[in-house]
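Structure first, then comments.
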There are 2 protein chains.
Amino acid sequence: MTPKVTPRPTDAELAILRTIWKLGAGTVREIHDELLADQPKIGYTTVLKLLQIMTEKGLVVRDESQRAHVYAPKESEESTQRRLVRDLLDRAFAGSATALVMQALSTRKASSEELAEIREMLDTIEGERS
Amino acid sequence: MTPKVTPRPTDAELAILRTIWKLGAGTVREIHDELLADQPKIGYTTVLKLLQIMTEKGLVVRDESQRAHVYAPKESEESTQRRLVRDLLDRAFAGSATALVMQALSTRKASSEELAEIREMLDTIEGERS
DNA sequence: CGCGAACTACGAACGTCTTCGTTGACTCTA
DNA sequence: TAGAGTCAACGAAGACGTTCGTAGTTCGCG
């Protein structure tokens, strides 16, 4: 059976998830081609195997109605990202979201628009309080 | 030789790093005791082995002047966290720091003080621009 | 029908991670 | 000085992750 809780995707699985998120959904062929467009040389059957494992783990769902199975994310991109962030928070930041946000902001430059977006988020959070 | 670039710490290694960060530095005994205070039962020699591996990898440095070697972080907590964030950014967020910050903020409630701190950070970033 | 192309499934190889038992050395003390 | 306690080093086992070759099935077409 597929496990109760979705496990954290491994590095290779995450690379595939990124591609599926980009495509929305796709066959092994489509995902493999897209993956090749990015960085490293990777075999077709490697991608197939990964997708089979990811199906067992519940990371993706498979539509078998066609000969070429179509794979789609089980959870949304956002929800997966949220779990990864929470995970990193626990493993490396002792739960301090603030510390993580600080590091994220200092890591990459964000545009003014993005900064404004973050401010809105802060307002929303503070508004919900009280 | 120790590798040029520090590799990403594994889960078990990160658990040990957290402890060392908390202690500042410590012997295997001290780190093991502290680790036991947290969650799971873990053997003394397991911690020792991990620390030896982490020394080879360059995650920690070892002072062998005493019989009980003293281990300390090679890189600061902040710099390690920054690398982990950058890593997650690349692997799961297509480099969008904003998206990561959003997820972090929505994941855990931060206090008003923390939110204010983040606002200051935003001001600083925007101030440096122009 | 018969052949080649495209597809899934399977298994094996190899590396890494995690765990711990065992061994041998040092140290303290009765 | 002998025994108990503490320590580092090593090796090996088992789980997991990643890769791909091979085999077998299905489809389309000449």
Side-chain angles (χ1 to χ4, degrees), chain A residues 2-3 5-20 23 25-36 38-72 84 87 91-92, chain B residues 2-3 5-20 23 25-36 38-72 84 87 91-92:
Chain A
T2 56
V5 291
T6 314
R8 170 159 47 116
T10 66
D11 282 1
E13 288 166 353
L14 202 41
I16 290 191
L17 274 184
R18 277 201 309 275
T19 306
I20 299 184
L23 299 178
T27 64
V28 179
R29 177 73 44 198
E30 293 164 342
I31 294 169
H32 179 241
D33 288 350
E34 184 66 32
L35 229 26
L36 283 186
D38 289 341
Q39 310 308 339
K41 174 183 165 315
I42 187 169
Y44 176 88
T45 55
T46 303
V47 176
L48 171 61
K49 179 67 157 186
L50 254 336
L51 282 166
Q52 289 169 343
I53 293 172
M54 292 170 75
T55 304
E56 280 178 13
K57 288 187 179 177
L59 290 170
V60 296
V61 292
R62 175 167 53 185
D63 174 1
E64 306 181 358
S65 63
Q66 304 304 121
R67 181 154 101 96
H69 300 173
V70 174
Y71 292 88
L84 287 169
D87 196 78
R91 285 189 301 121
Chain B
T2 54
V5 292
T6 313
R8 170 157 48 117
T10 65
D11 282 1
E13 289 166 352
L14 202 42
I16 290 191
L17 274 183
R18 276 201 310 275
T19 305
I20 299 185
L23 298 178
T27 64
V28 179
R29 177 73 44 199
E30 292 165 343
I31 294 169
H32 179 240
D33 288 351
E34 184 66 32
L35 229 26
L36 282 184
D38 288 342
Q39 311 305 343
K41 175 183 166 314
I42 186 168
Y44 175 88
T45 55
T46 303
V47 176
L48 170 62
K49 179 67 156 184
L50 254 336
L51 282 167
Q52 289 170 343
I53 293 173
M54 291 169 75
T55 305
E56 280 177 13
K57 288 188 180 176
L59 290 169
V60 297
V61 292
R62 174 167 55 184
D63 175 0
E64 306 181 357
S65 64
Q66 305 302 124
R67 181 154 100 96
H69 300 173
V70 174
Y71 292 87
L84 287 169
D87 195 78
R91 286 188 300 120

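Protein chains get the first letters and strands the later ones, always in sequence-line order, with residue 1 at the start of each. As the structure is a prediction and not an experimental result, all values here were calculated from the model.
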Of all heavy-atom pairs between [X] and [Y], which one has the smallest distance, and what is that distance?
X	Y	value
A:Gly26	A:Ile31	O-CD1, 3.6 Å
B:Lys57	B:Glu13	NZ-OE2, 2.7 Å
B:Lys41	B:Leu36	CA-CD2, 4.1 Å

Of all the nucleotides listed ([options]), which has the minimum atom distance to the side chain of [X]?
X	options	value
A:Ile42	D:dT18, D:dC7, D:dT19	D:dT19
B:Leu48	D:dA9, C:dC7, C:dC10	D:dA9
B:Thr45	C:dT22, C:dT18, D:dC7	C:dT22
B:Arg67	C:dC26, D:dT19, C:dA9	C:dC26

Rounded distance (Å) that lies between atom [atom2] of [N] and atom [atom1] of [X]:
X	N	atom1	atom2	value
B:His32	D:dA8	NE2	P	13 Å
A:Arg8	D:dG17	CZ	C1'	13 Å
B:Gln66	C:dA25	CD	P	21 Å
A:Leu51	C:dC10	CG	C1'	16 Å
B:Glu64	C:dA25	CD	P	18 Å
B:His69	C:dA25	NE2	P	15 Å
B:Leu50	C:dT16	CG	C1'	13 Å
B:Lys57	C:dG15	NZ	P	16 Å

Seminar exercise, completed: CD1 (A:Ile16) and CG (A:Leu50) are apart, to the nearest 0.5 Å, by 4.0 Å

For this session: Could you say whether B:Asp11 or A:Arg62 is positioned toward the 5' end of DNA chain C, judged by the nucleotide with the nearest heavy atom to each?
Result: A:Arg62

Is any side-chain nitrogen or oxygen of [X] closer than 4.0 Å to OP1 or OP2 of [N]?
X	N	result
B:Thr46	C:dT18	no
A:Gln52	C:dC10	no
B:Tyr44	D:dT6	no

Exercise. Does A:Thr46 offer a backbone N or O that forms a donor-acceptor pair with the side chain of A:His32 under 3.5 Å?
Worked result: no

For this session: Please confirm whether any donor atom in the side chain of B:Lys49 sits under 3.5 Å from an acceptor in the base of C:dG21, or the reverse.
Result: no

Exercise. Base, sugar-phosphate alone, or nothing: which one does A:Thr10 contact when heavy atoms must sit under 4.0 Å apart?
Worked result: sugar-phosphate

